[in-house]
S.K.: 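Below is one structure. I have some questions about it.
Note that the structure is predicted; figures quoted are calculated from it, not measured. Counting from 1, the numbers follow the sequence of the chain as shown.
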Amino acid sequence: MTGQVRTVDGRVAGRRGQATRQKLLDCLGEMLSSSPYRDVKVIDVARRAGTSPATFYQYFPDVEGAVLEIAEEMAKEGASLTQLVAGRSWVGKSGWQAAEELVDGFLGFWRKHDAILRVVDLGAAEGDKRFYKIRMKILNAVTNSLTDSVKELQSKGKVDKDVSPAAVAGSLVAMLAAVASHQKGFQSWGVKQAELKPNLALLVHLGITGKKPTK
């Protein structure tokens with residue numbers, strides 16, 4: 001944790017207070033994995049953390065405020081997703097490797113943060129701008145880099161000039177996000193995780209390069 005951590009009334013939290021605050025966030029994160037977001041109550045989070053509701057309210061205005069804290073931290077980690085794409089070559093075998101690693105990294109991130117991402121998606125779908133901004137921050141980490149990749153291929157004459165780089169990149173990232181949030185659902189269609197990744201990578205490669213991959 002970096003920087004000063006403050007209580008709701010503006011006081012700087014000491015080391016012990018920071019530890020209590022983090023424990024509350026950790027317990028809330030665990031509860032979101034097993035309970036619907038709307039069912040999580042302050043008293044239950046406090047009890048799980050071994051403290052009181054009054055202590056919870058020292059650090060967060062409500063459950064939603066604490067959830068936003070978790071979501072913001074997750075979004076900071078999501079910024080690193082750009083490393084899966086930035087500066088990568090999409091020509092030849094390198095292109096297939098780039099597609100595979102993007103899919104693997106994207107699906108892995110979604111699995112790791114599945115509970116909080118479900119809440120972020122819910123809030124964004126309901127029109128909450130705070131959750132929408134967090135969602136877009138994560139998606140933009142990949143979309144912007146993919147857009148640059150398509151532009152670079154265009155500049156080398158490897159992608160048709162009529163293609164809109166931003167439209168292609170945005171569509172692919174929206175597809176990745178939808179698939180990532182539906183990973184468990186693929187099992188009901190008889191699709192195993194080991195089958196999902198290479199086929200999704202194939203779609204990504206086709207979308208970026210317009211060509212079948214060289215493996």
Side-chain angles (χ1 to χ4, degrees), residues 1 5 8 21-49 51 53 55-82 84-85 102-147 166-167 169-189 191 193 196-197 200 203-204:
M1 190 178 294
V5 173
V8 169
R21 182 181 184 277
Q22 188 57 49
K23 188 171 184 179
L24 286 164
L25 289 175
D26 291 343
C27 289
L28 173 57
E30 291 168 5
M31 293 176 73
L32 291 174
S33 298
S34 57
S35 305
Y37 166 52
R38 307 292 189 203
D39 292 348
V40 177
K41 308 299 182 188
V42 168
I43 190 169
D44 298 322
V45 179
R47 185 180 294 133
R48 185 166 184 143
T51 187
T55 300
F56 180 97
Y57 286 120
Q58 283 182 17
Y59 301 104
F60 311 105
D62 47 33
V63 169
E64 187 174 76
V67 166
L68 281 165
E69 288 279 345
I70 297 174
E72 286 286 3
E73 285 301 313
M74 179 265 302
K76 289 177 185 175
E77 185 179 331
S80 66
L81 289 172
T82 190
L84 297 169
V85 185
L102 171 58
V103 166
D104 193 47
F106 203 96
L107 296 188
F109 178 82
W110 235 259
R111 280 196 305 276
K112 180 180 178 182
H113 299 288
D114 175 62
I116 190 65
L117 279 163
R118 276 190 278 110
V119 178
V120 169
D121 282 348
L122 175 64
E126 292 179 343
D128 190 316
K129 291 182 179 179
R130 298 169 301 174
F131 285 113
Y132 175 78
K133 285 180 180 178
I134 290 171
R135 189 174 195 276
M136 290 308 296
K137 188 184 295 184
I138 297 165
L139 299 185
N140 284 345
V142 180
T143 305
N144 294 339
S145 292
L146 272 186
T147 299
S171 297
L172 289 172
V173 172
M175 176 187 71
L176 283 170
V179 172
S181 64
H182 191 68
Q183 289 182 72
K184 293 177 183 176
F186 277 89
Q187 295 174 5
S188 65
W189 295 335
V191 179
Q193 188 75 14
L196 177 60
K197 287 184 181 180
L200 189 55
L203 291 174
V204 170

S.K.: Does a side-chain heavy-atom distance below 4.5 Å link V120 with Y132?
M.R.: no

S.K.: Short question: side chain of S181, backbone of A178 - any donor-acceptor pair under 3.5 Å?
M.R.: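 Yes; judged by distance alone, with no hydrogens or angles, the pair exists.
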
S.K.: Do NZ/NE/NH1/NH2 and the carboxylate oxygens of D114 and R118 come within less than 4.0 Å?
M.R.: yes

S.K.: Which atom names give the shortest non-hydrogen contact between G105 and L81, and what distance separates them?
M.R.: O-CD2, 4.0 Å

S.K.: Might you point out which heavy atoms bring P53 and A46 nearest each other, and give the distance in Å?
M.R.: N-CB, 3.6 Å

S.K.: With distance as the sole test, does T55 use its side chain to make a donor-acceptor pair with the main-chain N or O of T51 at under 3.5 Å?
M.R.: no

S.K.: Scan V45, D39, I116 and name whichever one has a side-chain contact (heavy atoms from CB on, under 4.5 Å) with L32.
M.R.: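 By the side-chain contact (heavy atoms from CB on, under 4.5 Å) criterion, L32 pairs with just one of V45, D39, I116: I116.
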
S.K.: Which one of L139, L102, I138 satisfies the side-chain contact (heavy atoms from CB on, under 4.5 Å) criterion with V173?
M.R.: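 The side-chain contact (heavy atoms from CB on, under 4.5 Å) with V173 is passed solely by L139 among L139, L102, I138.
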
S.K.: Can you tell me how far CG of L25 sits from CZ of F56, rounded to the nearest 0.5 angstrom?
M.R.: 8.0 Å

S.K.: Determine all donor-acceptor pairs shorter than 3.5 Å in which one atom belongs to a side chain in residues 63-72; sequence neighbours excluded.
M.R.:
residue, atom, partner, partner atom, Å
E64, OE1, R130, NH2, 2.6
E69, OE1, R21, NH2, 3.0
E69, OE2, R21, NH2, 3.3
E72, OE1, K137, NZ, 3.4

S.K.: Give the minimum heavy-atom separation between A169 and T147, together with the two atoms involved.
M.R.: CB-OG1, 3.3 Å

S.K.: Using a 6.0 Å cut-off, check whether atom NZ of K23 has over 12 heavy atoms from anything other than its own residue.
M.R.: no

S.K.: So, does S188 use its side chain to make a donor-acceptor pair with the main chain of G185 at under 3.5 Å?
M.R.: yes

S.K.: Using ring centroids (six-membered ring only for Trp), state whether W110 and H182 fall under 6.0 Å.
M.R.: no

S.K.: At what distance, to the nearest 0.5 angstrom, does NZ of K129 lie from CE of M136?
M.R.: 14.0 Å

S.K.: For R135 versus A177, what's the shortest heavy-atom pair and its separation?
M.R.: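 Scanning both residues, the minimum pair turns out to be NH2-CB, 4.1 Å.
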
